[in-house]
Novice: 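Provided herewith is a single structure, encoded as structure tokens, for subsequent inquiry.
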Amino acid sequence: MFTRRLLMTFSFPETTRSAGGPIRERRSESPKDDVQETLVRVAGGMLRSVPRLLALVDVPRRVGVHRLFSCPATGSEERSSVLRVQAVMTDPDLGLYQPPAAVRGMTVLERDAFTQTVVVPAIRIPTRVLNRLVKSLKKVALQRPGLKRVVDDDDDDDEGNETDREHRLLLLDPHSIKSAESFGPEEAAALKALGVEPEIRHYRLKLMYENLKSEEVLRAVLPEGQDVTSGFSRVGHIAHMNLRDHQLPYKNLIGQVIMDKNPGVTCVVNKTNTIDSTYRNFQMEVLAGEDNMVAKVKENGVSYEFDFSRVYWNPRLSTEHERVVSLLRRGDVVFDVFAGVGPFTVLAARRGCSVFANDLNPESYKWLQHNAKLNKVESKVTSFNLDGREFIRGPLRERLPDLIERSGSSPAVHVIMNLPALALDFLDAFRGLLRGETDRGPDGGVLPKLHVYGFSKEDEPERDVLERAELRLGTALRGRCEVHTVRNVAPNKEMMCVSFDMPRDVLYGEDVVEEGCSEEPSPKRLKLEETQE
Ligand SMILES: C[S@@+](CC[C@H](N)C(=O)[O-])C[C@H]1O[C@@H](n2cnc3c(N)ncnc32)[C@H](O)[C@@H]1O
């Protein structure tokens, strides 16, 4: 009997945090009921009412972590009432392929060893109605990568008969069709209308490595009962994995399988450490394919090139880049303090903004300039290779008085600070930044708008990042800022963005560093953040 395997991660962002974390693995013949039942068991009593399961979405073909649904648990708008469930499903055809025992424990990929003959249902269709009927039976036809589902009817060959040219066989999904009675009303009607008997035949089908999905191959190879999740991030031609310890003996085979099964992937790498402390890039090991780390990607319609092993790039930030840049208007001036290879910078420049972009990593600086040229916006981008604090107190400070004065009529000034592990700590660089300059008051120009990123593991991430920003600035922001949740980085870790107009008293006031507000964060805190990203 076909069973579907569910891997569920529960994340209860706020009030029910204690229930978050565990990954549950279940086998179920009725996955939807099973998820509902598990939600009741895990969440009931902790949430004010049990969440209603809205939908269980099948995840065909690709196996990975998919957010299947998220549902308001209580109907209230509070963040605390949002329950997220993620699930990984194995392929519904799992029951079809029973791998040869010899492949278990294989560390060097031998593709031929996966070949297996299985018996599948088929229906004999006269060639004259073939196209029409194949269309009508699409839902119950066998679907496998690289597999023809219409085959010759040469059943009688053993007896010396010729292949029947008048008929073909349509292979059917054994999970949908077990007998002539399995066809649904629409399919049965189509068969009747075209005069085809719903007689089921058995066809011996040779399944080969090419017809298997990566999940099936890995499940066959890795020790039984262990998780084979083969999710990866795609950065151009590079598939970027984060293998667990039990998968490491099979790392090269896993890499090869991922490459074989994902067209366009020509290099598979595994992260070998946590994110690097300063430049936010990963150390990585090539598992399979070419040793070429220069990736070409497209994000929000913009092309970027960079050496993925030496700079920071996160394909999950495209929506955030787009969101912030959509707030900008043509002619605005942007200071991108931690610019990386330019995803905010280039997009903003293409929107008609003038951008001053900075990154401490010489390699990011190099690719930032390259990407500005690549997208023909180099005249709009001035780049720097400085520490963020030096950039704020140097190039930004030099230009600010003028820009504030001009801003009364048109351009706004935006400062983007995306280094979530540390950016909030850099805010004190703005204290007293314009001390000595004439403050002409609200009529003397508009002050810059900041968009500052921070990670939070607190139960109330909005409040946490806001308080940290206030502490660093030495002034209250409540009621005059917006806090946006960017994404859930880990089960108990959120990436947040605080946006606010820089308060006058901060810029023109005294530069007093509050107690508990040292220039650099403690190494202990930094380390904690890094292991989680
Ligand atoms: C999280 S990445 C963000 C890159 C880019 N803005 C984006 O959204 O993808 C942070 C960047 O800050 C740079 N960085 C780290 N420490 C820095 C510092 N002290 N001063 C300036 N840049 C720094 C890193 O090299 C990295 O490129």
Side-chain angles (χ1 to χ4, degrees), residues 233 235-236 240 274-283 295 297-300 302 304-328 334-349 353 355-372 381 383-396 414-430 450-455 472 484 486-487 489 493 495-497 499 518-521 523 525-527 529-530 532-533:
S233 298
V235 179
H240 174 217
T274 53
I275 199 158
D276 172 77
S277 58
T278 308
Y279 299 146
R280 323 307 297 163
N281 59 325
F282 299 100
Q283 273 172 26
V297 301
K298 247 193 162 158
E299 183 187 274
N300 295 315
V302 179
Y304 299 94
E305 294 177 353
F306 48 83
D307 183 335
F308 184 52
S309 65
R310 305 183 72 180
V311 303
Y312 176 91
W313 181 263
N314 187 340
R316 295 189 186 96
L317 288 179
S318 69
T319 309
E320 182 58 14
H321 295 144
E322 216 276 325
R323 183 187 74 85
V324 171
V325 174
S326 72
L327 305 173
L328 312 175
V334 177
F335 291 90
D336 190 357
V337 183
F338 308 105
V341 300
F344 282 120
T345 294
V346 177
L347 199 57
C353 302
V355 189
F356 298 93
N358 173 67
D359 202 283
L360 182 63
N361 179 357
E363 196 70 19
S364 297
Y365 171 70
K366 179 181 109 182
W367 290 105
L368 171 69
Q369 291 174 316
H370 173 88
N371 289 322
V381 177
S383 34
F384 300 85
N385 181 206
L386 299 171
D387 169 71
R389 196 169 258 107
E390 274 178 56
F391 175 69
I392 294 167
R393 292 192 173 151
L396 187 150
H414 290 259
V415 181
I416 302 172
M417 298 174 68
N418 182 17
L419 174 59
L422 295 174
L424 291 164
D425 297 321
F426 279 72
L427 281 177
D428 57 13
F430 287 92
L450 274 80
H451 308 277
V452 188
Y453 291 84
F455 289 132
R472 285 286 166 176
H484 172 78
V486 178
R487 68 186 197 99
V489 179
K493 187 175 175 184
M495 176 175 171
M496 314 294 292
C497 178
S499 295
S518 62
E519 284 260 304
E520 297 299 332
R525 169 140 164 227
L526 181 57
K527 199 154 188 178
E529 299 280 15
E530 279 154 17
Q532 295 296 320
E533 200 171 354

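Counting from 1, the numbers follow the sequence of the chain as shown. Each ligand, and each atom within it, is numbered from 1 in the order the structure gives.
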Novice: Would one find an N or O of Pro420, backbone or side chain, under 3.5 Å from an N or O of ligand 1?
Specialist: no

Novice: Asp387 heavy atoms, cut-off 4.0 Å: which ligand 1 atoms fall inside?
Specialist: 18 (C), 19 (N), 20 (N)

Novice: Out of all atoms in ligand 1, which are within 4.0 Å of some heavy atom of Leu386? Include the element for each.
Specialist: 20 (N), 21 (C)

Novice: In ligand 1, which numbered atoms sit nearer than 4.0 Å to a non-hydrogen atom of Pro343?
Specialist: 5 (C), 7 (C), 8 (O), 9 (O)

Novice: Quick one: CG on Asn361 to CG on Asn385, what's the gap to the nearest 0.5 Å?
Specialist: 8.0 Å

Novice: With side chain to side chain contact (heavy atoms under 4.5 Å, CB included) as the criterion, how do Val324 and His414 come out once you've worked through the C-alpha distance, each side chain's angles and the decisive distance to 0.1 Å?
Specialist: CA-CA 10 Å; Val324 171; His414 290 259; over 6 Å; no

Novice: With a cut-off of 4.0 Å, which atoms of ligand 1 are near a heavy atom of Asn361?
Specialist: 25 (O)

Novice: Indicate yes or no: does an N/O atom of Asn358 lie under 3.5 Å from an N/O atom of ligand 1?
Specialist: no

Novice: Can you tell me how far the CG atom of Leu317 sits from the CE atom of Met495, to the nearest 0.5 Å?
Specialist: 5.0 Å

Novice: Should one rank Trp313, Trp367, Phe338 by closest heavy-atom distance to atom 12 (O) of ligand 1, which comes out on top?
Specialist: Phe338

Novice: Step by step, would you call Tyr365 with Ser383 a side chain to side chain contact (heavy atoms under 4.5 Å, CB included)?
Specialist: CA-CA 7 Å; Tyr365 171 70; Ser383 34; 3.8 Å; yes

Novice: With heavy atoms of Phe344 as the reference, note each atom of ligand 1 found under 4.0 Å away.
Specialist: 6 (N), 8 (O)

Novice: Can you confirm whether or not the ring centre of Phe338 sits under 6.0 Å from the ring centre of Tyr453?
Specialist: no

Novice: Is there any N or O on Asp336 that sits under 3.5 Å from an N or O of ligand 1?
Specialist: no

Novice: Which pair of heavy atoms, one from Leu347 and one from His321, lies closest together, and at what distance?
Specialist: CD2-O, 3.9 Å

Novice: Run the ring-centre check on His240 versus Phe308 and record whether the distance is less than 6.0 Å.
Specialist: yes

Novice: Using heavy-atom distances only, which candidate in Glu363, Arg389, His321 approaches atom 8 (O) of ligand 1 most closely?
Specialist: His321

Novice: Would you say Met417 and Ile392 make side-chain contact, with heavy atoms under 4.5 Å?
Specialist: yes

Novice: If you look only at pairs with a residue in residues 339-348, which of them pass as a salt bridge (Lys or Arg N to Asp or Glu O under 4.0 Å), with sequence neighbours excluded?
Specialist: none

Novice: So, does Thr345 sit close enough to ligand 1 that a heavy atom of it is under 4.0 Å from the ligand?
Specialist: no

Novice: By side chain to side chain contact (heavy atoms under 4.5 Å, CB included), which residues pair with Asn358, not counting sequence neighbours?
Specialist: Phe384, Leu386, Phe391

Novice: Compute the shortest N/O to N/O distance between Tyr312 and ligand 1 and return yes if it is under 3.5 Å, no if not.
Specialist: no

Novice: Heavy atoms only: which of Val311, Asn418, Val324 is nearest to atom 10 (C) of ligand 1?
Specialist: Asn418

Novice: Is there at least one pair of N or O atoms, one from Phe426 and one from ligand 1, spaced under 3.5 Å apart?
Specialist: no

Novice: I want to know if ligand 1 touches Val337 in the polar sense, i.e. an N/O pair below 3.5 angstrom.
Specialist: no

Novice: Just jot down the ligand 1 atoms closer than 4.0 angstrom to any heavy atom of Gly340, in number order.
Specialist: 4 (C), 27 (O)

Novice: Minimum heavy-atom separation for Gly236 and Val297, please, with both atom names.
Specialist: N-CG1, 3.3 Å

Novice: Counting only heavy atoms, tell me which of Asp359, Leu317, Thr278 gets closest to atom 25 (O) of ligand 1.
Specialist: Asp359

